[in-house]
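Working notes, structure below.
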There are 2 protein chains.
Amino acid sequence: MEDNDQLSASLEDYLETIYLIVRKKHAARAKDIADQLQVKASSVTAALRLLSEKSLVHYAPYDIITLTAEGERLARDVLKRHQALYHFLLDVLGVGEEEAETGACKLEHSISPLVLKRLISFVDFVQQCPRVGTQWVKEFNSFCQRGAMGENCIDCINDCLKKVTRKTGS
Amino acid sequence: MEDNDQLSASLEDYLETIYLIVRKKHAARAKDIADQLQVKASSVTAALRLLSEKSLVHYAPYDIITLTAEGERLARDVLKRHQALYHFLLDVLGVGEEEAETGACKLEHSISPLVLKRLISFVDFVQQCPRVGTQWVKEFNSFCQRGAMGENCIDCINDCLKKVTRKTGS
DNA sequence: GGCTTTTTTTAGGTGATACTAACTTTATAT
DNA sequence: ATATAAAGTTAGTATCACCTAAAAAAAGCC
């Protein structure tokens, strides 16, 4: 009765898509899923039967589609991976929004729990750490464009120090 | 005659494995590949026929296996992705060696050229930038263990500033 | 209600990838 | 050198994930 095995990348995509549609429209139709994933309706039917066998979706022929509790849990997990990668790609690596989105879509299926956890912490750390922060990320972008370190490292660090001193007042 | 299409993750793995075996032992046998990739010998034969059709390996039944120039080029490319990810996971995110290795193996097939380029630059930048560097990476590790920012941010930045001032002598 | 359109399912096919089992070829060891 | 072991191939099967084409069900409209 239970699903021991991991989901395939494909089924994870179906789950994620259903979750997003349900969140927006209360329930999903096969057509919505097909349009979203750019597959034919018959492929959706096949996927729904597999997900139904694994008790991840409530599905009966011609009926409306929703996620089971377990299905929703897994969908949230996929989405969490997606968003962590998206933010890393966009806010740290500084690739564009579109590239961050497609990149997250592809990578989300092969990132392990530990790497995910670390990645989330890292984006958090980069944004929180006064030694780094947003300005430093911009510095990285200049580095990428120039292909070399900037000249004004000491000024950069000094600016950073001033900012922290001012903020904490010590 | 030419291969327009992208390689599958599976064939990339075969190519990468063959490259590594050839580099170590001059030529590869099907058995080596099967052992390395944890598949049965018959699966290797099938893969070799596909790679041979794409002119990526020199292959004849019962004969020894080597890569063509194009095969080697592609194998190096996979390996480059693998190593970039490995270093990011190990040296920046600070997951262990084993996790970095398995993580790189899984992610290497779904990373785009742009993200790859950025990731390589990023690891480089983190290691070169005086504002960041090795010490900061350690700081990130503490952050991960504690789950919160450290208390001594100003000292941390001051240390960093001193180090840079000393080094450049200005 | 009945007709048309849309949606969904079914049936059947393709290609990729791996498997098992049986067979062939090559290597080894006495 | 020849029997046995190891390595490699072939043939047939299974799964996954997509497709097309055609049938069935549901929804929308007069």
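Lettering follows sequence order; numbering is per chain, from 1. None of the values given here were measured: they were computed from a predicted structure.
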hydrophobic_cluster_shared for Ile120(A) and Leu90(A), side chain cutoff 4.5 Å: no
If every non-hydrogen atom of Ala104(B) is compared with every non-hydrogen atom of His82(B), which pair is closest and at what distance? CB-O, 3.4 Å
Does Asp77(B) form a salt bridge (charged side-chain N to carboxylate O under 4.0 Å, His left out) with Arg81(B)? I'd like the steps, not just the answer. CA-CA 6 Å; Asp77(B) 190 75; Arg81(B) 276 177 267 153; 3.0 Å; yes
Nearest nucleotide by nearest heavy atom, which residue falls closer to the 5' end of DNA chain D, Pro61(A) or Ala47(A)? Ala47(A)
Roughly how many Å is it from CZ in Arg49(A) to P in dT8(C), rounded to a whole number? 16 Å
Using a cutoff of under 3.5 Å, can you pull out all pairs of nitrogen or oxygen atoms linking the protein to nucleotides 4-7 of chain D, with atom names and distances?
none

Please report, rounded to the nearest Å, how far the P atom of dA18(C) is from the CG atom of Asp13(B). 9 Å
Residue pair His58(A) / Asp63(A), side-chain heavy-atom distance below 4.5 Å: no
Identify the pairs formed between an N or O of the protein and an N or O of nucleotides 15-17 of chain D at a distance under 3.5 Å, and give each distance.
from    : atom 1 : to      : atom 2 : distance (Å)
dA17(D) : OP1    : Ser8(A) : OG     : 2.2

May I have the distance from Leu51(B) (atom CG) to dA16(C) (atom P), rounded to whole angstrom? 12 Å
Do Gln36(B) and Asp32(B) have side-chain atoms, one donor and one acceptor, less than 3.5 Å apart? no
Taken to the nearest whole Å, CG/Leu48(B) to C1'/dT10(D) is 14 Å
Specify the separation, in whole Å, of atom CD1 of Ile64(B) and atom C1' of dT9(D). 17 Å
ILVMFWY cluster, Val44(B) and Ile21(B) together (side-chain gap under 4.5 Å): yes
In this structure, how many angstroms lie between the P atom of dG8(D) and the CG atom of Asp63(B), rounded? 11 Å
Taking the side chain as C-beta and beyond, is there a heavy-atom pair between Leu48(A) and Tyr14(A) under 4.5 Å? no
Just how far, in rounded Å, is P of dG8(D) from CD1 of Ile65(B)? 7 Å
hydrophobic_cluster_shared for Val115(A) and Tyr86(A), side chain cutoff 4.5 Å: no
N/O-N/O pairs, protein side and nucleotides 20-22 of chain C side, under 3.5 Å:
from    : atom 1 : to       : atom 2 : distance (Å)
dT20(C) : O4     : Ser42(B) : OG     : 2.8

Any side-chain donor near an acceptor of the partner, Tyr19(A) and Arg76(A), under 3.5 Å: yes
Please state whether the rings of Phe88(A) and Phe122(B) are parallel, tilted or perpendicular, taking 30° and 60° as the class boundaries. perpendicular
Assign the ring pair Phe125(B) / Phe143(A) to parallel, tilted or perpendicular, where the plane angle (0 to 90°) is split at 30° and 60°. tilted
